[in-house]
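As the structure lists them, so they are numbered: ligands from 1, and atoms in each ligand from 1. Just so it is clear, the values below take in all heavy atoms, side chains as well, and ignore hydrogens, waters and symmetry mates.
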Amino acid sequence: MSPADLIRPEIQALRAYQVPNSAGLVKLDAMENPYSWPEALRDDWLAALRDVALNRYPDAQGHDLQTALREAMGIPDDMALLLGNGSDELIQMLALAVSRPGRTVLSLDPGFVMYRMVALFAGLDYIGVPLRADGFALDPDATLAAIEREQPALTFIAYPNNPTGNLFDAAAITHIIEASPGLVVVDEAYAPFTDRSLLPQVGDWPNLLVMRTVSKMGLAGLRLGYLAGPSEWLAEIDKVRLPYNINVLTQASAAFALRHRAVLDEQTAAIRAERARLFDALTGLQGVKPYPSEANFILVRTAPGRAGALYLGLLDRGVLIKKLDGTHRLLADCLRITVGTADENTLLLEALKSALDIT
Ligand SMILES: *Cc1c(COP(=O)(O)O)cnc(C)c1O
């Protein structure tokens, strides 16, 4: 039997998740925090890791880390918490727990690609309700109609949204939660870069879960996401979690980082300040239009047909960003730029000016 006979056709039709080589480039493609830690803090971290028992399986529930997260993030006391190897794994656990032929995952498009991918992996149908063409707002009528029609088991709402960077109307999200027959997962991956959150409201509706990650706040290498919500739901989702999904180094390192939260908060504050500077500078450039962002990246639209050339022009000048043109009809001519350090952003702006003149 060959792969063509055995592997599901929808899997054969996929391309594996592509990560471009970024060696030697200014890396502004993946919403990473660009800052490292002060030398003294790195020494303390290494000292904290010294006693981690690599020969033992990790704490299966990550108890100490859960306690640290609850405290640092203000998880309501009466809400349960579930940890994932990145929030990507939590999306997968949610999908696996509800999957059955004919069940549907619903989200808003253009949105985070893993909702669609994981639905496909788990054998669920995926419905992407289009955002509004002018500024990527949630279309409440279209979304509520799709929920009524499709009766989704899971609805994902990224708040702020990736790759558009905007926040959806909070009242519209409330209506979606109330109209949904299934779970509504509000994905707050970009919580460090906005003042808005639904985390204080978990528990207000029985079907609301709030998901976050430490990736965008500066710990992408650890792979740690968390899901907060009513325990009757999370206890069921927990059953599809592979044992020991959060490794010992991640548990120890994340707990350490949360004890030094002030350093991460300073970094995210710097990113927010740079976001404002970058947005203003991009606004002043002929040939690109930036969209306002509540995240650590800025979506820009180029003149028609120029996105590919600009992307390559930046690459030639040593700057890697993300080309979104071609991924969704509403993202025609769009590029996504992660906010870097002040120096990186200046390099990007210089490269962009130069590429805009030439291309
Ligand atoms: C980056 C991102 C994630 C993935 O987070 P990980 O914890 O790194 O897996 C989830 N949701 C959205 C909207 C994202 O942009």
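Between the side chains of D325 and Y311, no donor-acceptor pair is found at a separation under 3.5 Å. Side chain to side chain, S2 and D5 meet the donor-acceptor criterion of an N or O pair below 3.5 Å.
Closest to atom 5 (O) of ligand 1 among all protein heavy atoms lies S87 OG, 3.0 Å. The closest protein non-hydrogen atom to atom 11 (N) of ligand 1 is D187 OD2, 2.5 Å. For atom 2 (C) of ligand 1, the closest heavy atom belonging to the protein is K216 NZ, 2.4 Å. At the top of the distance list for atom 9 (O) of ligand 1, counting protein heavy atoms only, stands R223 NH2, 2.9 Å. Of all protein heavy atoms, the one closest to atom 15 (O) of ligand 1 is Y190 OH, 2.6 Å.
Checked against the 6.0 Å centroid threshold, F156 and F112 do not count as a close aromatic pair.
Residues D238 and R241 are paired through a salt bridge, judged by an N-O separation under 4.0 Å between the basic side chain and the carboxylate.
With a heavy-atom cut-off of 4.0 Å, A189 touches ligand 1 through its side chain alone. If you look at D88 next to ligand 1, the close heavy atoms, those under 4.0 Å, come from the backbone and the side chain alike.
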If you look only at distance, which donor and acceptor atoms sit under 3.5 Å apart when one is on a side chain in residues 68-76 and the other is two or more places apart or in another chain?
{"from": "R70", "atom 1": "NH1", "to": "P76", "atom 2": "O", "distance (Å)": "3.4"}
{"from": "R70", "atom 1": "NH1", "to": "M79", "atom 2": "O", "distance (Å)": "3.1"}
{"from": "R70", "atom 1": "NH2", "to": "M79", "atom 2": "O", "distance (Å)": "2.5"}

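Under the 4.0 angstrom criterion for non-hydrogen atoms, M211 is not in contact with ligand 1.
Each of the atoms 6 (P), 7 (O), 8 (O) of ligand 1 lies under 4.0 Å from some heavy atom of S215.
Ring planes of Y244 and Y57: parallel class, angle under 30° (limits at 30 and 60°).
Rounding to the nearest 0.5 Å gives a distance of 12.5 Å between CD of Q92 and CD1 of I237.
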